[in-house]
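Accompanying notes for the structure given below.
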There are 2 protein chains.
Amino acid sequence: MISIKDVARQAGVAISTVSKVLNHYPNVSEETREKVNKAVEELNFLPNSVAAALSSKQAGRVALLVNLSKKTQVVGEIDLQYIQGAINKAMELNLDVITLFFSMFQNRTLEEMIRYLKSQSITGIIIYGLTREEETLLELIDSSQFKCVIIDAPIVNENTSCVGIDNLRAQYDVARKTIEENNCKKVLYITGKKNGYVTDERLHGMEELTKELGLTMMVCDGSFSELRSRNITLKYGKDNDVVVCASDLMAIGAMKALTEMDIFRPVCGFDGIILMGYVGKQMNTVRQNFAEISAMAMEELQRLMSGGKGRRVGTAYTLARMKYMDIIC
Amino acid sequence: MISIKDVARQAGVAISTVSKVLNHYPNVSEETREKVNKAVEELNFLPNSVAAALSSKQAGRVALLVNLSKKTQVVGEIDLQYIQGAINKAMELNLDVITLFFSMFQNRTLEEMIRYLKSQSITGIIIYGLTREEETLLELIDSSQFKCVIIDAPIVNENTSCVGIDNLRAQYDVARKTIEENNCKKVLYITGKKNGYVTDERLHGMEELTKELGLTMMVCDGSFSELRSRNITLKYGKDNDVVVCASDLMAIGAMKALTEMDIFRPVCGFDGIILMGYVGKQMNTVRQNFAEISAMAMEELQRLMSGGKGRRVGTAYTLARMKYMDIIC
DNA sequence: TTGTAGGCGTTATCAT
DNA sequence: ATGATAACGCCTACAA
């Protein structure tokens with residue numbers, strides 16, 4: 001394997017000089033910079049990231065902490081896009097990434113988690129799918145041992161940023177659109193998990209909307225479960241004239257229930273997953289670009305790791321309908 | 001951060017002795033072994049994997065090379081299970097993992113790929129979704145620079161193993177079941193991509209079956225595309241009395257087409273993805289446990305990395321029907 | 001059986 | 001502006 005040493009020899013300079021050029025240090029003459037770059041080209045040199053990680057305490061590695069939604073069986077779509085977006089961006093930024101799942105830390109203490117992450121030279125973490133139930137993770141964030149970026153949970157401090165859409169607004173928007181299109185008065189709102197951060201925000205969006213339009217609203221805990229949403233709809237669907245769901249999966253469950261009951265009620269979902277295109281009926285939904293959000297999170301993490309302070313980063317969304325013929329190819 | 005040095009001091013032995021205990025070397029007295037382990041416990045020591053990777057040339061890291069199926073829009077389910085299965089097993093085996101995607105190496109030469117992987121201290125690779133079109137990857141495997149495990153492609157050599165089900169048999173089985181259940185004579189077979197390894201194997205399964213049962217078979221290239229399958233079915237579905245597809249997605253496309261044409265034909269798919277449960281009609285399919293397959297691949301890779309020779313590893317499958325009420329919760 | 005010392009490829013701190 | 005040199009944490013001959 002060809003190393004920085006070879007480059008140094010080839011360029012006729014010291015190892016440390018090569019390192020400086022590689023890392024864009026200021027005090028290097030244009031002349032040597034060129035010599036070194038030429039040698040790098042000639043030798044096709046690529047720095048060993050493992051050695052770099054070991055040596056420098058600042059250019060650490062980042063961990064993706066993914067909460068695989070096993071609860072719903074439709075695994076994958078969102079999480080994979082998160083992972084992909086993050087990894088691609090990381091490669092662009094020259095950051096090392098390892099992917100981890102919540103389940104790996106199931107019964108671990110805070111100290112064990114920290115130890116493990118440190119043993120991997122992790123200095124930055126992106127967390128996907130955090131809920132209030134993950135107490136140890138919340139402590140981890142609080143511990144300030146790592147730079148963190150949280151997706152879709154409003155946690156911000158010195159070392160922690162959050163990125164995500166404005167859930168309140170988005171829920172308001174998609175529900176309003178659906179309600180106005182169908183001239184509804186009584187809305188059945190099926191929420192996400194009790195302890196989910198987005199759950200509250202979205203609910204507030206509905207509260208604002210129903211108050212503003214003078215609607216009545218029945219709120220049921222769907223826990224992001226397609227089955228629960230289905231049962232709730234079977235029970236209360238008929239008595240309301242629109243079903244607003246805090247997730248697409250729940251919207252699908254609701255729609256399937258309505259179809260079975262052979263009654264029509266407009267339904268809207270949240271997230272814009274491809275699966276929505278398969279259920280026949282078109283529904284309004286909030287569409288997010290998960291890969292892009294994740295890429296932004298990675299950029300934000302890099303900012304934090306190089307000294308930036310935690311902050312809130314907003315991402316975009318659109319209202320959409322997923323049509324079968326659009327999504328297949 | 002607490003290091004091997006601290007453990008050595010605490011145990012009153014030399015650093016190298018600690019290392020020996022940690023790595024289960026033979027020549028260590030029971031007494032010192034206990035002293036060291038006690039110190040490890042007390043200090044909650046966890047070895048730094050980055051340093052280990054840098055130091056030892058043998059305990060390298062492994063890369064997951066995933067071919068994200070962008071062609072079909074239903075991304076995720078299979079790939080994510082692969083990733084999850086591999087990472088979980090790797091953690092168990094104490095192996096470092098990084099996840100990469102084919103797209104990252106789109107226009108890269110063999111040398112560039114090798115350089116990159118070496119710069120990451122990669123010594124083992126698991127490849128998911130390989131086709132004959134990935135020429136550079138095939139060269140990479142041939143180069144013998146890394147230990148490789150290929151999923152679902154019959155490539156075996158000194159440093160390369162493959163793991164996967166018997167595609168010929170599985171295709172034969174699921175088709176036979178469907179055909180016998182419905183007493184069919186004329187089968188429309190929609191294949192996967194021309195250059196996919198499994199495509200041929202599955203086709204051979206069909207050839208064996210149709211010959212054995214004396215059926216007529218019409219073979220169309222579906223390229224794993226739901227849309228193509230749909231169009232093929234629209235065109236030829238009526239003239240045949242069963243549609244056998246080399247993937248679930250294509251089975252769904254075929255079924256949707258049949259439904260639109262308002263005719264019934266039994267359809268069977270391949271893979272057992274959750275999505276199958278959403279399309280209403282139940283279809284036979286071959287169910288694979290992707291996470292488990294991937295875990296086996298990781299174990300096989302470890303075997304290779306510790307000196308084992310390449311070989312073929314078979315995995316299990318079952319025939320199943322995906323029912324909506326079974327898959328939601 | 002145990003310890004010493006050199007090396008893995010970088011980065012970072014000093015002199016120069 | 002450049003170059004020695006000491007870390008970084010661990011592994012592994014080799015020596016004791």
Side-chain angles (χ1 to χ4, degrees), chain A residues 1-36 39-40 43-61 94-96 115-123 305-306, chain B residues 1-36 39-40 43 45-61 94 96 115-123 305-306:
Chain A
M1 181 174 178
I2 143 148
S3 80
I4 197 174
K5 199 189 297 181
D6 305 303
V7 177
R9 188 167 353 95
Q10 173 96 355
V13 300
I15 291 181
S16 51
T17 306
V18 176
S19 178
K20 280 169 194 159
V21 173
L22 258 34
N23 296 291
H24 306 102
Y25 271 58
N27 289 332
V28 181
S29 75
E30 194 52 42
E31 189 187 3
T32 41
R33 185 182 307 283
E34 276 172 18
K35 268 196 299 187
V36 170
V40 167
L43 298 176
N44 278 328
F45 170 72
L46 219 51
N48 181 315
S49 69
V50 173
L54 176 61
S55 171
S56 115
K57 290 295 91 182
Q58 83 171 23
R61 312 160 73 206
N94 250 299
L95 289 172
D96 255 32
R115 268 215 322 278
Y116 178 75
L117 294 170
K118 297 233 164 178
S119 83
Q120 297 277 5
S121 294
I122 301 295
T123 61
M305 294 200 302
S306 47
Chain B
M1 183 176 179
I2 142 145
S3 81
I4 197 175
K5 198 190 296 181
D6 306 303
V7 177
R9 188 167 352 95
Q10 173 96 354
V13 299
I15 291 182
S16 56
T17 306
V18 177
S19 178
K20 281 168 194 159
V21 173
L22 258 35
N23 297 291
H24 306 101
Y25 269 59
N27 289 332
V28 180
S29 76
E30 194 52 41
E31 189 187 2
T32 40
R33 186 183 305 283
E34 275 174 17
K35 268 197 299 188
V36 170
V40 167
L43 297 176
F45 169 73
L46 218 53
N48 181 315
S49 70
V50 173
L54 176 61
S55 167
S56 109
K57 291 295 91 182
Q58 81 173 25
R61 312 162 74 207
N94 251 298
D96 256 31
R115 268 216 323 279
Y116 178 75
L117 293 170
K118 298 234 164 179
S119 82
Q120 297 276 7
S121 294
I122 300 296
T123 62
M305 294 201 302
S306 47

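Numbers restart at 1 for each chain; the letters A, B, ... are given by sequence-line order, proteins then strands.
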Scan the side chains in residues 8-22 of chain A for donor-acceptor partners under 3.5 Å anywhere in the protein, sequence neighbours excluded, and list what turns up.
unit_1, atom_1, unit_2, atom_2, d
A:R9, NH2, A:D6, OD1, 3.2
A:Q10, NE2, A:E42, OE1, 2.3
A:S19, OG, A:N23, ND2, 3.3

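Taking OG of B:S121 as the reference point, atom CG of A:D96 lies at 9.5 Å (rounded to 0.5 Å). Atom CD1 in A:I122 sits 8.0 Å away from atom OG in B:S49 (nearest 0.5 Å). A distance of 9.5 Å separates CG in A:L43 from OG in A:S3, rounded to the nearest 0.5 Å. How far OH of A:Y25 is from CG of A:N27: 11.0 Å, rounded to the nearest 0.5 Å. The structure places CZ of B:R61 at 10.0 Å from OG1 of B:T123, a figure rounded to the nearest 0.5 Å.
Summarising the geometry, the separation between CD on B:Q120 and C1' on C:dG9 is reported as 14 Å, rounded to the nearest angstrom. Taking atom NZ on B:K118 and atom P on C:dG9, their separation rounds to 11 Å, with Å as the unit. Going from atom CG of B:L54 over to atom P of C:dG7 covers 14 Å, rounded to whole Å. A straight line from CZ of B:R9 to C1' of C:dG3 spans 17 Å, rounded to a whole angstrom. Computed from coordinates, the B:L46 CG to D:dG9 C1' distance equals 13 Å when rounded to whole Å. What separates NZ of A:K35 from P of D:dT2 is a distance of 7 Å, to the nearest Å. Remark: P of D:dC8 and CG of A:D96 are 21 Å apart, rounded to the nearest angstrom.
Applying a 4.0 Å cut-off to non-hydrogen atoms, the residues of residues 22-34 of chain A that approach DNA chain D are A:N27, A:V28, A:S29, A:T32, listed by residue number.
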Pairs: protein N or O with nucleotides 4-6 of chain C N or O, under 3.5 Å:
unit_1, atom_1, unit_2, atom_2, d
C:dT4, O4, B:S16, OG, 3.0

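Considering only side-chain atoms of B:A51, the nucleotide from D:dC10, C:dC8, C:dT10 that sits closest is D:dC10. The side chain of B:S3 lies closest to D:dC10, out of C:dG9, C:dT11, D:dC10. Listed nucleotides: C:dT10, C:dG3, D:dC11. Nearest to the side chain of A:N48: C:dT10.
Note on B:V13: only backbone sugar-phosphate atoms sit closer than 4.0 angstrom, heavy atoms only; bases stay farther off.
Looking at A:R115, its side chain never comes within 3.5 Å of a backbone N or O of B:L46 through a donor-acceptor pair.
A sub-4.0 Å separation between OP1 or OP2 of D:dC11 and a side-chain N or O of B:S19 is present.
Taking each heavy atom of A:N48 and A:V50 in turn, the nearest pair found is OD1-N, 2.7 Å.
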